[in-house]
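Computed over heavy atoms, backbone and side chain alike; hydrogens, waters and symmetry mates excluded. All residue numbers refer to positions in the sequence shown, counting from 1.
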Amino acid sequence: MSTKEHNERIELLQGTLDLLILRTLLLGPTHGHAIAKMIEFNSDEVLQVEQGSLYPALHRLIKRGWISAEEGTSENNRRAKFYKLTIKGRRQLAVETSKWDKLAGAIARILRPAAQEGK
């Protein structure tokens, strides 16, 4: 996964794509291409999810038991795998979201210490 501008690519922290996939699947089961498009749309096209990153992440999440997959038919009448958040995945989403919030808060305190001094 990368940011929009090819020449300004930013490598995202490991696990970030997993978190975004879990959050996307909270809305309901969907196929891989739709997951990528939803992440791109919801990030205002800043985050681009490439197939070479998406499908290994989906397989990793299945292996961990956080999502499941079943065959189905996409909206354009093609066979597709539909991914669904499991109960274990819902719990993990809460854990990962909490970790992300702590990390983002810590980084913000370092980058903008003056904002914290006013509290």
If you measure from CD on Glu45 to NZ on Lys37, what distance do you get to the nearest 0.5 Å? 7.0 Å
Just wondering, do Lys81 and Glu71 contact through their side chains at under 4.5 Å, heavy atoms? yes
Under a 4.5 Å side-chain heavy-atom rule over Ile, Leu, Val, Met, Phe, Trp and Tyr, are Leu26 and Leu61 clustered together? yes
So how far is it from Leu54 CG to His59 NE2, rounded to the nearest 0.5 Å? 9.0 Å
Check the hydrophobic clustering (I, L, V, M, F, W, Y; side-chain heavy atoms under 4.5 Å; chains of links allowed) and say if Ile67 and Phe82 are grouped together. no
Flag the pair Leu93 / Trp66 as yes when at least one side-chain heavy-atom distance between them is below 4.5 Å, and no otherwise. no
Considering only heavy atoms from C-beta outward, does the side chain of Asp18 approach that of Arg64 to under 4.5 Å? yes
Nearest 0.5 angstrom please: Thr73 OG1 to Arg79 CZ, how far? 8.5 Å
Is there a path of hydrophobic side-chain contacts, each under 4.5 Å between heavy atoms of I, L, V, M, F, W or Y residues, that connects Trp100 with Leu85? yes
Smallest separation among heavy atoms of Gly65 and Thr86, with atom names: O-OG1, 2.6 Å
Hydrophobic cluster identity match, Tyr55 and Leu25, side-chain contacts under 4.5 Å: yes
Membership question, hydrophobic clusters at under 4.5 Å side-chain separation (ILVMFWY): are Leu27 and Leu58 in the same one? no
Those residues that, when tested against Tyr83, pass ring-ring contact (aromatic ring centres under 6.0 Å, His included) (two or more places apart): none
Can you check whether Leu17 reaches Ile39 side chain to side chain, under 4.5 Å on heavy atoms? yes
If we only count heavy atoms from C-beta on, is the Lys88 to Gln92 side-chain gap below 4.5 Å? no
If you compare all heavy atoms of Leu47 against all heavy atoms of Glu40, which two are closest, and at what distance to 0.1 Å? O-CG, 3.0 Å
Does atom CD1 of Ile87 have more than 12 heavy-atom neighbours, drawn from other residues, nucleotides or ligands, at distances under 6.0 Å? no
Looking at CG of Leu20 and CD1 of Ile35, how far apart are the two atoms once the value is rounded to the nearest 0.5 Å? 11.0 Å
Report, as yes or no, whether the 6.0 Å neighbourhood of atom CD on Glu75 holds more than 12 heavy atoms from other residues, nucleotides or ligands. yes
Taking the side chain from Arg23 and the backbone from Leu19, do they hold a donor-acceptor pair closer than 3.5 Å? no
